[in-house]
Chemist: 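If you scroll down you'll find the structure; I have some questions about it.
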Amino acid sequence: MTGSQTPLPAGTPSVRRGPRFRAWLLEGLSERSARHPGPHATLPQEHVGHSWWRVMCLTGVDYFSTLGYQPGIAALAAGLLSPLATLVLLALTLFGALPVYRRVARESPHGQGSIAMLERLLPGWAGKLLVLVLLGFAATDFMITITLSAADASAHVAENPFAPSWLHGAGVWITLVLLAALGGIFLKGFKEAIGIAVVLVGVYLSLNVVVLGDAVVRIATHPGDFHDWWSAATREHSSPLAMIGIALLVFPKLALGMSGFETGVAVMPQVRGAESDTYERPAGRIRDTRTLLTTAAVIMSCFLLLSSVATTLLIPQSAFKAGGPANGRALAFLAHAELGQAFGTIYDVSTIAILWFAGASALAGLLNLVPRYLPRYGMAPEWAGAVRPLVLTFMAIAVAITAYFDASVDAQSGAYATGVLVLMLSASFASTVAVHRRGRRAATAGFGVITAVFAYTVVANVVERPDGIKIALLFIVTIMISSLASRVHRAFELRTVDVTLDAEAERLVAHAAQAGPLRIVANEPQEHTAAEYRAKEAAQRADTHIPADSPVLFLEVFVRDSSEFSSDVAVRGDTKHGVHRLRVQGPTVPNTIAAVLLELRDRTEEVPHVYFNWTEGDPFGHLVRFLVFGDGEVAPVTREVLRRAEPDPSRRPRVHVG
């Protein structure tokens, strides 16, 4: 059963009767969560998946593409100490982020990630609000991935020596064109593209091997470059110990080099796993995903270290500054300078392609993440079930971010790092709690230390570059307001997936139906004495004129978790003190009563009657109680839910209040 406000699938008469643009915009509208097209889409059950290394390329378009801008950002952040700061980052990657996300893969094998782990830790509204906050940081991560990648791609376009002169200084407009092309692809329909990802990652990493291999040879054959770097570093800093200390302080600015882990667990449904895998026990998928994460981390660590050393030793520090030829494109600068303009142009094209596809991957991640949670909470507007309105919304946000940051890679890196680091902090905390609940003290201590390190990194990044937390707070506030408004708007839907009766409930209903339409007395679910039941029945018969010869059934609803929006309803029947009772659990009292009444109507083929007492108190206060705690003034809300669920008054259960 669904309420009258449930989004309708495309092709229904109400959609066809609307304007043509509206029908196109809402094409595919449904309540299915996380089934949007794109690289991270949840797959149908018959999908057999892909080899882990192919899926690694899918997450690699996000992870490996950071080589396009990470070395330049590291040089700006740490200067001559960039290699040392990168070593600290690699230690955190291999001994911090990697163990955490290997645990996340075990705990959440169907692509939900660390957000789902934390959702399970906190019941009720606290868990829902935490998820909304984390969605804000996830939106920051993915949205800045889109805009930063496009901005860096535009830098590679504008700085290419074969580019027309009018493209120089047009970074904002190039970025906006790339964003428009990205949105256009998704509006047309973007399908799973692992094959494209494999080609892009393969070509891009191969070209980087050539660039970095050439750099290593040059450094090895000209040891004076290393000595010049070390002399300059020691002149700036008093001792090697001071260098290490500064590297520890500045490494949070390099944290965007760990951006691929959350994507790595998001693509888990794409991994084939073993033939013996089941949905409940996907051991092969977990094993292969952990192999994926480890392999990607090792590959990226090698590239990051080599790129940091090569760019620091071979590129003048002045070239990394804003407007400099190496700003946002350090490895491309080396490719042009050391391997020629033709090879450099090929490298630029490859970089632009993988950066653009990283934006596509991030947008697909957003299109999967938002419907995975918000519709289940009742916290998404109806149009959020369709891809195109979401694409237009995200593209408008991307344009605003690009304009705000003037398409600057350096300016956006703080916001990007904030989103990445908060998600990693949440993942490490969730992993700590998970192993603690299993009684593994050593693992708890280890994950606790990692959590503390990530907490320091988050705080340091926010203090140094507050733009990231400002963008994240903007996303969080927007998600909170729109989600709660949607929850209020949809509060009077039926909100019940399925209603079942146990054998005793079926017997009681069948026996009562022999005397005519069912007479249901809504009752508080607490245990009652025989005298209280008799007094309740007598009062209802007197106040609402229940026929003396009609038997009554008491319906008692227990609110299980009022933060849940919809659920299955199981009705249990019993007899106590000679009173026949139907007892049920649900997220709200009135919506659950309405669902049970409609089920009883369909079973008995007669319209049932339900009887309430008026509740004393402030009506507004009762409305708030209904929205937050699921009870409040039950009678009028039950009637409103029934009115929306059943448009035919002759078939609508009758509501009596005395």
Chemist: Give the minimum heavy-atom separation between T140 and A472, together with the two atoms involved.
Modeler: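 Residues T140 and A472, closest heavy atoms: OG1-CA, 3.1 Å.
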Chemist: For H577, look at atom NE2 and say whether over 12 heavy atoms of other residues, nucleotides or ligands are found less than 6.0 Å away.
Modeler: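 Yes - once you tally the heavy atoms of other residues, nucleotides and ligands closer than 6.0 Å, there are more than 12.
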Chemist: Taking NZ, NE, NH1 and NH2 as the nitrogens, is one of them in R644 or E640 under 4.0 Å from a carboxylate oxygen of the other?
Modeler: yes
Chemist: Taking only residues two or more places apart in sequence, or in another chain, which ones meet L118 in a side chain to side chain contact (heavy atoms under 4.5 Å, CB included)?
Modeler: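 Counting only residues at least two positions away or on another chain, L118 forms a side chain to side chain contact (heavy atoms under 4.5 Å, CB included) with L121, L130, L134, S426, F429, A430.
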Chemist: Answer whether the closest heavy-atom distance between the side chains of D141 and F137 falls below 4.5 Å.
Modeler: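 No, every pair of side-chain atoms sits at 4.5 Å or beyond.
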Chemist: Which atoms form the tightest heavy-atom contact between L627 and W125, and what is the distance?
Modeler: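 Scanning both residues, the minimum pair turns out to be O-CZ2, 3.7 Å.
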Chemist: Give me each pair satisfying salt bridge (Lys or Arg N to Asp or Glu O under 4.0 Å) with a member in residues 505-525, each pair once, sequence neighbours excluded.
Modeler: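 Listed by first then second residue: E504-R507, E506-R603.
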Chemist: Return the minimal non-hydrogen interatomic distance between D277 and R285, and the atom names on each side.
Modeler: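 What the structure gives for the nearest pair is OD2-N, 2.9 Å.
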Chemist: What about Y279 and H110, are their ring centers closer than 6.0 Å?
Modeler: yes
Chemist: Can you pull out every salt bridge (Lys or Arg N to Asp or Glu O under 4.0 Å) where at least one residue sits in residues 103-123? Sequence neighbours excluded, please.
Modeler: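 Qualifying pairs: R103-E107, E107-R438, E119-R376.
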Chemist: Any salt bridge linking D618 with R625? Criterion: basic side-chain nitrogen under 4.0 Å from a carboxylate oxygen.
Modeler: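 No, no charged N to carboxylate O under 4.0 Å.
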Chemist: Could you tell me whether the side chains of R560 and S567 share a donor-acceptor contact shorter than 3.5 Å?
Modeler: yes
Chemist: Testing N523, V569, V596, I593 for side-chain contact (heavy atoms from CB on, under 4.5 Å) with V557, which one passes?
Modeler: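 Exactly one candidate clears the test, I593.
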Chemist: Answer yes or no: is there a side-chain heavy-atom contact under 4.5 Å between R652 and P649?
Modeler: yes
Chemist: Is any side-chain N of the basic residue among R581 and D574 closer than 4.0 Å to the acidic one's carboxylate O?
Modeler: yes
Chemist: Please confirm whether the ring centroid of F554 lies under 6.0 Å from the ring centroid of Y611.
Modeler: no
Chemist: Evaluate the criterion side chain to side chain contact (heavy atoms under 4.5 Å, CB included) for residue pair K536 and N613; output intermediate values, then yes/no.
Modeler: CA-CA 10 Å; K536 175 81 171 189; N613 286 331; 3.2 Å; yes
